[in-house]
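Shown next, in C-alpha cells, is the structure this report addresses.
Numbering of residues begins at 1 and proceeds along the displayed sequence.
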Amino acid sequence: MDSVLSLNGRALQFTAETPLLGSIPEFDSFSAVALLAALEDRFGIAFNDAVIGADAFASVGSLTGLVADCLGMV
C-alpha cells in the first residue's frame, strides 16, 4: 500500500481501523485500481468485481478482509 500510494512510510502507522477512502488524499479511484492490481499480483488472486465497492475500501481492515476472503482464509 505504501509504495502503490507513494505514502513515504506513512502506511507503517496504519491499523485495521485506519480509514482509507475519503481519508487519505492519495487514495482515489485510480489508486484503488492500482492497489487492487498490486494485491492480485502479490497474492496470486483475482478479485470478483461483485465484491469490490466502497465498503471494501472503507478501512485497512475491510481491505485486508477482502484479501483474506479471496485467499480463503476466512
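- Within the 4.5 Å cutoff, the side chain of L36 has heavy atoms near those of the I52 side chain.
- In this view, T15 and E17, T18 satisfy the side-chain contact (heavy atoms from CB on, under 4.5 Å) rule, not counting sequence neighbours.
- Annotation: the span from I24 atom CD1 to L5 atom CG amounts to 6.5 Å, rounded to 0.5 Å.
- Among residues two or more places apart in sequence or in another chain, the side-chain contact (heavy atoms from CB on, under 4.5 Å) test is passed with V33 by none.
- Annotation: salt bridge (Lys or Arg N to Asp or Glu O under 4.0 Å) contacts of E26 (sequence neighbours excluded): R10.
- A distance of 6.5 Å separates CD1 in I45 from CG in L39, rounded to the nearest 0.5 Å.
- Screening residues 34-48 for salt bridge (charged side-chain N to carboxylate O under 4.0 Å, His left out), with sequence neighbours left out, gives no hits.
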Between L63 and L20, is a side chain to side chain contact (heavy atoms under 4.5 Å, CB included) present by the stated rule, with each step listed?
CA-CA 9 Å; L63 186 57; L20 295 175; 4.1 Å; yes

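- When all heavy atoms of V4 and A38 are compared, the pair lying nearest together is CG2-CB, 3.7 Å.
- By the side chain to side chain donor-acceptor pair (under 3.5 Å) test, D55 pairs with no residue at all, sequence neighbours left out.
- Applying the ring-ring contact (aromatic ring centres under 6.0 Å, His included) rule to pairs touching residues 41-71 yields F27-F57, sequence neighbours excluded.
- With S62 contributing its side chain and A56 its backbone, the two residues share a donor-acceptor pair below 3.5 Å.
- Applying the side-chain contact (heavy atoms from CB on, under 4.5 Å) criterion to A11, with sequence neighbours excluded, gives D2, L7, F14.
- For the residue pair C70 and A46, the shortest heavy atom distance occurs at SG-O, 4.2 Å.
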